[in-house]
Amino acid sequence: MTVALAASAQVAGNADTGSDFAAGEELFRLNRPAEAIAVFERIIDDKDVNPAAFVYLGVAYYQVGDYRKSLAVCTSGLERAGADRKVLAYNAGNSAYALGDYARADSCYAIAMQEDPDFSAAYLNRANAQLKLDRLEDAREQYQSFLAREPDNAQRPAIEQLLALLDEEIVRRENEKPELITPETLSIANEAMQIPETAERITPDELPAEPVEAVIEELVDADEFAAPALPPEELTLERGERVAADELPPPPNPPEAETDIEEAVVREMQEEIPAADDAK
């Protein structure tokens with residue numbers, strides 16, 4: 001999977017801020033997110049900070065499993081001049097998804113798609129969020145859009161199977177049949193968090209963030225859900241005392257990011273269900 005889509009602005013003016021940014025970036029590159037967090041938190045409010053700091057800090061919080069702070073950092077970064085809104089909104093969506101806030105995730109992915117209509121990862125992750133919200137027709141459209149942009153994606157067989165099941169369920173609902181479809185257990189994985197292009201030395205295999213998976217859950221009324229406005233409520237982020245990068249303690253063993261992976265199994269399809277329309 002390709003990471004690194006953001007172009008970063010250069011730091012201007014404040015030499016200390018620039019030095020701390022470089023130190024935080026290096027700690028992130030060395031897979032020491034907890035220490036990178038301490039450095040980036042010292043400089044994140046500086047007006048001269050490289051806006052890529054919001055991306056790094058958001059991903060670092062995600063890597064240590066603090067999805068709420070990851071969401072807060074990414075959404076606050078959307079207001080910073082020169083920030084990569086596409087990547088920040090996308091990463092905010094992943095953090096909201098990990099928190100189980102699928103309506104907010106849907107809103108965040110929509111912002112990322114507005115910034116770049118060809119951003120395929122946002123289509124897939126948004127489809128997964130919409131499926132969680134029981135918005136079946138919307139999810140079907142997003143899955144189809146994703147496959148149109150990535151026809152050779154490794155998850156294509158599973159997505160095509162899911163599309164067929166969605167078609168069957170949509171037809172069943174239109175005909176008001178009491179029966180339930182019986183999809184096999186499916187797991188369509190979200191695309192992972194993204195980082196700035198400045199970290200070219202980071203490869204996808206070096207990123208510890210686990211993919212977030214989505215499966216068909218119990219069918220509920222979509223009317224119950226309403227996407228909240230962004231940015232979310234303010235969250236207080238703790239700031240550490242200013243220390244030099246070389247005074248940081250030896251690297252801890254950061255906790256693995258918890259991943260909200262769910263599985264759901266539904267019953268065998270009864271014979272009287274009408275045949276599904278082909279996926280468009």
Side-chain angles (χ1 to χ4, degrees), residues 3-14 16-29 31-99 101 104-105 107-116 119 121-122 125 191-200 202 207 209 229-240 242 245 257:
V3 296
L5 298 175
S8 300
Q10 296 297 317
V11 177
N14 191 323
D16 289 340
T17 298
S19 176
D20 281 348
F21 176 86
E25 183 181 32
E26 180 67 9
L27 288 166
F28 183 92
R29 185 187 73 83
N31 193 24
R32 292 158 64 175
E35 294 173 77
I37 287 170
V39 174
F40 284 125
E41 279 289 6
R42 292 201 304 267
I43 62 174
I44 201 67
D45 292 327
D46 192 304
K47 64 181 179 63
D48 291 327
V49 70
N50 186 324
F54 288 92
V55 179
Y56 284 124
L57 183 56
V59 174
Y61 272 127
Y62 188 96
Q63 289 175 338
V64 300
D66 196 336
Y67 307 128
R68 191 169 299 280
K69 285 187 177 180
S70 177
L71 176 60
V73 168
C74 291
T75 53
S76 63
L78 290 171
E79 305 303 319
R80 182 60 65 97
D84 192 317
R85 286 175 52 82
K86 176 180 73 173
V87 170
L88 284 167
Y90 172 80
N91 288 351
N94 281 2
S95 298
Y97 192 100
L99 287 166
D101 190 346
R104 190 181 296 278
S107 296
C108 293
Y109 294 135
I111 293 173
M113 291 163 59
Q114 288 172 356
E115 295 294 323
D116 181 0
F119 190 10
N125 292 10
E191 296 292 317
M193 301 285 276
Q194 303 217 351
I195 59 174
E197 284 180 347
T198 50
E200 293 177 355
I202 300 178
L207 292 174
L230 289 176
E233 63 276 14
E234 293 187 27
L235 298 175
T236 302
L237 304 182
E238 297 178 358
R239 304 292 195 273
R242 177 174 294 275

### Message
For the CG atom of L99 and the CG atom of N94, what is their distance to the nearest 0.5 Å?
### Response
11.0 Å

### Query
Could you give the distance from SG (C74) to CG (L88), rounded to the nearest 0.5 Å?
5.5 Å

### Query
Between Q194 and V59, what is the shortest heavy-atom contact and its length?
O-CG2, 3.4 Å

### Message
Determine whether I37 and E35 satisfy the following criterion, side-chain contact (heavy atoms from CB on, under 4.5 Å), listing intermediate values before the conclusion.
### Response
CA-CA 5 Å; I37 287 170; E35 294 173 77; over 6 Å; no

### Query
Of the non-hydrogen atoms in L78 and A89, which two are nearest, and what is the gap between them?
CD2-N, 3.8 Å

### Query
Are any non-hydrogen side-chain atoms of Q63 and S70 less than 4.5 angstrom apart?
no

### Summary
Residue set satisfying side-chain contact (heavy atoms from CB on, under 4.5 Å) with A105, at least two apart, ordered chain then number -> A96, Y97, Y109, A129

### Query
Considering only heavy atoms from C-beta outward, does the side chain of F21 approach that of I43 to under 4.5 Å?
yes

### Message
What's the separation between atom CG in D101 and atom CG in L71, rounded to the nearest 0.5 Å?
### Response
7.5 Å

### Query
So, for G24 and F40, which heavy atoms are closest and what is the spacing to 0.1 Å?
C-CZ, 3.4 Å

## Note on the structure
Closest non-hydrogen contact found for V64 with A34 is CG1-N, 4.2 Å

### Query
Could you give the distance from CD1 (I111) to CZ (R85), rounded to the nearest 0.5 Å?
6.0 Å

### Query
To the nearest 0.5 Å, how far apart are OG in S76 and CD1 in I44?
7.0 Å

### Summary
Between T17 and the options D46, D48, N50, the side chain to side chain donor-acceptor pair (under 3.5 Å) test singles out D46

### Summary
Sorted by chain and number, sequence neighbours left out, side-chain contact (heavy atoms from CB on, under 4.5 Å) with A122 holds for Y90, A112, M113, F119

### Query
For R80, which residues count as a side-chain contact (heavy atoms from CB on, under 4.5 Å) partner, sequence neighbours excluded?
V49, P51, F54, A83

### Query
Out of curiosity, E191 CD to N125 CG, how far, rounded to the nearest 0.5 Å?
6.5 Å

